[in-house]
Amino acid sequence: MMQFMLLFSRQGKLRLQKWYNAHPDKLKKKITRELITTILARKPKMCSFLEWKDLKIVYKRYASLYFCCAIEQGDNELLTLEIIHRYVELLDKYFGSVCELDIIFNFEKAYFILDELLLGGEIQETSKKNVLKAIAAQDLLQEDEAKVHELRYKNFSNSAPLERISS
Amino acid sequence: MNPTDHGFNPAFNMAVIKEVFNEALERVRTPTPMRLRDLIRQIRAARTAAEERGVINKECAYIRSTFREEDSVWRCRNIAKLLYIHMLGYPAHFGQLECLKLIASPRFTDKRIGYLGAMLLLDERQDVHLLITNCLKNDLNSSTQFVVGLALCTLGAIASPEMSRDLAGEVERLMKSPNAYVRKKAALCAYRIILKVPELMEIFLPATRSLLSEKNHGVLITGVSLITEMCENSVDTLQHFKKIVPNLVRILKNLILAGYSPEHDVSGVSDPFLQVKILRLLRILGKNDVEASEAMNDILAQVATNTETTKNVGNTILYETVLSIMDIRSESGLRVLAINILGRFLLNNDKNIRYVALNTLLKTVHVDTSAVQRHRTTILECLKDPDVSIRRRALELSFALVNANNIKAMMKELLTFLEKADPEFKEMASSRIVLAAERYSPSIKWHLDTLLSVLIAAGNYIRDDVVSNVIQLMTANPSQQSYMVGQLWSALENDNSDRQPLIQIATWCIGEFGDMLLSPDSNVQISETEVIAVYHRLLTSPQNSPITKQYCLTSLTKLSTRFQHPDTHKIQELIESFGSHVQMELQQRGVEYSQLFGKYAYLRNGLLERMPALEITKPSTNTHNGSVSQDADEEESVSPAENQSNSNALLVLLGGDTGDNDIIKPPAKAPSLDTNQDLLDLLGGLDSGMDSISEKPIDLKLNNDSSIQNNNNILSMINSTPDYLAEPLPITPQTRDTTVYDKGGLRIDFSSQKAADVPNTTSINVSAHNTTATDFTEFVFQAAVPRTFQLKLLPPSGTIITADGGTVTQILRVTTPTPAPVRMRIRKLTTSLPTVFNDNLTFCGASNFSPD
């Protein structure tokens, strides 16, 4: 089972964190700091795995972003690379050639997509199409609500329309 | 919301109108909050950390105020901003309750952000759990699948044991939902619940089995994950699920044989995620189960041979297959196939694949050593890998593969590795190399050469015990001493400030075998002056540790007796310069050794005789860095008054193992000459009585406690007397007294007892009685036994036997290799009794002594 996933930039800025086990905030910060420093210090010719406490850390760099997962001893590290890759593919499809800025400004979307791919640290959907379909349907729900809201305000007030929370 | 809401609808009821009106009012009253996008821009525009903090603190203060005012219109936006701020590492706990309020909202947008906030800001230790449990319960019953999905996802992320208990029923119901989207999420929720509260497994068992008959891969994979967890959880469940092996095999077979399906294809492999999960479950089901293993043999072989290996995906599956083959009771052919797959992995360009291959080989090397041996050269090649983790694995694996047949070839590679290794490797690698060399060395010369290479390559990373091991090895192999001393001397000529252990060993050996170094048939040609010059450099270099310098000092002192024409003056000068050294230990040595060049110069030769071969049977336990100098220290610490007699005793003791000849050279004609000759008599007498058995004379002067301590220490060091002898032995009650000597008013009685649990040890209670009217002073009782015996003399009760019935008692412990009669030679010395008795005694059985 995956224990947590971190996304961070080459500058060491955290872009996304997903914890599948409960830890106090302080510990999470400590772990994050430690792993970011360790991974950024590794050279490109080194392999994508490292042993860290009783966990295996699997990371991969895509452009300026590092994707880093912690898995248990019995887990398949090569498969974890595939999961990371799948997640990147999904982000890419959703945003249309994703870049770091997309994830910064739409971080909640990045979480939503991850939550349709993994649940409780295990894969829940192996079809890309199904994940994107589920996300699109939920986005549509939100848009409908926004439209309704907009209409209401059009009729009852002259305030600016309510945008999607992220835009 | 209802689709009829589009456009103005006069049918809006009053409540809605009121709500919207209130919202509009609020918007007029409070200005529109900053948008998330603008906040992120502002934060990113901050040029300094302080500026960023300023922006964030201002916004946090604002968000707090809106929370206080129960602003529901902008709550969603504010929480979204807060989550961003939280990711930057700022405190955001004050948003927890607001998240719950969002979850309780009927709007999907609010719920989506609310649940996201809950997953990020709450974890299972929060007290707000009761509130969230109620929210979750509501949403799990929602008619919108995505609301149910959000609730399940959140439950899976932050479920506490209490929440798990409260909501297990709901989750079980949803596992049977007709909607696949809900079913797969419910299955993983059940998996998390079992992780938290294993006893809840029972509830989910009935609904689990049917998950495997699904077509939907999402449900299939979550079902397999759930079953895997259940099987790992309890043995009963594992048995229960053994019957699904054929189902799993069928699913896997369909995946491999099915044609291209775009939905689940990953670079030409059909759903690798599902394949890996199934292989893992098969591994658990087939472990230690012949029947189940049999059922999956074919499919494993099929996966192992049919999987495309050009991409990472294919190798992912192969890797999982190999793990399964190794874990179950698979056929031997299949196991070889698995190891060969790993061998192929080692040649792969992808470093990740090489890494997992080494890791897996490391796990299997103890089971299938010969199969792994075939890939030895590839493994050794990995020692040169640019990746440090791969090097580490390869190193561990290499050590696991070392054996008597390949030691020479392997060691060459390992030593090359050691030379270039990073510091973090050196300690581990060097001690493993030392161990391997010790275990598999083909010859003693090779062994010593290897050790020398290790000492040079690993420098200060050598562990301390290696120093004493090498010294023991040197002393025990006279044939190699001359050669090695030459080698060590050559090594010593380089700059070795980062190789303290090497200097220590080299100086010890040169000190001990200095005569060999300088002899004409040595492999190096040097003069005594050169040697002293090197010592001068070693002793004055600030880079050398005090312990190394102690070795050097002792060695130099010894050299003064090894050289043919020693420049004693120069040596003495060098040693005396340490008499005022700031380091206590060095100063002590400086002062002590100076004595050997001054007042007690006549002792020097005797004291610095060559050491007997050290015991190798107990390596690396009792000798540590510096202990050799301590031995010399002990020899030195005897006060001048006893020096005379003690040096004799020590001489005898030190010479004991090298042969009788050594002790025939008393260092000086001193008052104790007669005792020395007596001692020889003593040995001679025993010799003639014992045929050709050589003796180990043990001679103790019982003058005072300190010298006895000294002697005993050295005695035990040399004899390596078993520890149990030092402990009081349990003694059987039967004793018998024998008078072994009764002359001139001195009577000595032996009363012997057999130790109960150690049959070959006899404890003899010696009591000496004075029947004359004058005191016997400085009474000493001595005993010697043949070499095959071991003797331990405990301290006597005193050294003066007072007149008219005074008594001194002492205990002897004699250990014989077989239950043979105890034989010994005894004598007593006292200044006040002119006669010295010499008696050769045979102690028969447990009771009887008879003078020969």
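All values derive from a computational prediction rather than experimental measurement. Just so we're on the same page: letters track the sequence lines, and every chain starts at 1.
The choice from B/L88, B/L220, B/T222, B/L120 that makes the most heavy-atom pairs within less than 4.5 Å of chain A is B/L120. Highest contact tally toward chain B, considering only A/K43, A/Q17, A/E116, is held by A/E116 [criterion: heavy-atom pairs under 4.5 Å]. With chain A as the partner, the residue from B/P91, B/S389, B/A157 showing the most heavy-atom pairs under 4.5 Å is B/S389. The residue among B/G149, B/G218, B/A187, B/C189 with the most heavy atom pairs within less than 4.5 Å of chain A is B/G218. Among A/K18, A/E122, A/K45, the residue with the largest count of heavy-atom pairs under 4.5 Å with chain B is A/E122. When A/E51, A/E89, A/K13 are compared by the number of non-hydrogen pairs under 4.5 Å with chain B, A/E51 comes out ahead.
Closest approach of B/L152 to A/L119, counting heavy atoms only: O-CD2, 4.2 Å.
Contact annotation for B/D38: neither backbone nor side-chain heavy atoms come within less than 4.5 Å of a heavy atom of chain A. Heavy-atom distances place no part of B/K81 under 4.5 Å from chain A, backbone and side chain included. Of the two parts of B/R393, only the side chain, counted from C-beta on, holds a non-hydrogen atom closer than 4.5 Å to a non-hydrogen atom of chain A. Residue contact with chain B, scored on non-hydrogen atoms closer than 4.5 Å, involves the side chain of A/L101 exclusively. Residue A/F49 touches chain B through both its backbone and its side chain, counting heavy-atom pairs closer than 4.5 Å. Only the side chain of B/V276 comes within contact range of chain A, with at least one heavy atom under 4.5 Å from a heavy atom of that chain. Residue B/R44 touches chain A through its side chain alone, counting heavy-atom pairs closer than 4.5 Å. Only the side chain of A/R42 comes within less than 4.5 Å of a heavy atom in chain B; its backbone stays farther off. Proximity to chain A (any heavy atom under 4.5 Å) is restricted, for B/K184, to the side chain, taken from C-beta onward. Heavy-atom distances place the side chain of A/D25, and not its backbone, under 4.5 Å from chain B. The parts of B/N312 that come within reach of chain A are both its backbone and its side chain, each placing non-hydrogen atoms under 4.5 angstrom from that chain. Only the side chain of B/L116 comes within contact range of chain A, with heavy atoms under 4.5 Å apart. Only the side chain of B/Y355 comes within contact range of chain A, with at least one heavy atom under 4.5 Å from a heavy atom of that chain. For a residue to count as touching a neighbouring chain, one of its non-hydrogen atoms must lie under 4.5 Å from one of that chain's; by this rule B/Y115 does not touch chain A. If you measure heavy-atom distances from B/L195 to chain A, the contacts under 4.5 Å come from the side chain alone. Residue B/R283 touches chain A through its side chain alone, counting heavy-atom pairs closer than 4.5 Å.
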Exercise for the section: Verify side-chain contact (heavy atoms from CB on, under 4.5 Å) between A/T37 and A/L40, making sure each step is shown before the conclusion. Expected result: CA-CA 5 Å; A/T37 339; A/L40 287 179; over 6 Å; no
Exercise for the section: Show your working on ring-ring contact (aromatic ring centres under 6.0 Å, His included) between A/Y20 and A/F4 and close with a plain yes or no. Expected result: CA-CA 6 Å; A/Y20 293 109; A/F4 57 83; 9.2 Å; no
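Aromatic ring pairs are classed by plane angle as parallel below 30°, tilted from 30° to 60° and perpendicular above 60°; the pair B/H217 and B/H264 is parallel.
Side-chain atoms of A/Q3 and A/W19 form no donor-acceptor pair, as typed in the model, at a separation below 3.5 Å.
In terms of modelled atom types and a separation under 3.5 Å, the side chain of B/D385 and the main chain of B/I390 share no donor-acceptor contact. Of the possible donor and acceptor atoms, one in the side chain of B/R354 sits under 3.5 Å from a partner among the backbone N and O of B/N349. Side-chain N or O atoms of A/E72 include none that pairs as donor or acceptor with a backbone N or O of A/G74 at under 3.5 Å.
Side chains of B/D110 and B/R75 form no contact here, defined as non-hydrogen atoms less than 4.5 Å apart.
Around atom NZ of A/K28, more than 12 heavy atoms belonging to other residues, nucleotides or ligands sit under 6.0 Å away. At most 12 heavy atoms of other shown residues, nucleotides or ligands fall within 6.0 angstrom of atom NZ in A/K60. Counting non-hydrogen atoms of neighbouring residues, nucleotides and ligands closer than 6.0 angstrom, the CZ atom of A/R10 reaches no more than 12 such neighbours.
Ring centroid separation for the pair A/Y59 and A/F67 does not come in under the 6.0 Å cut-off.
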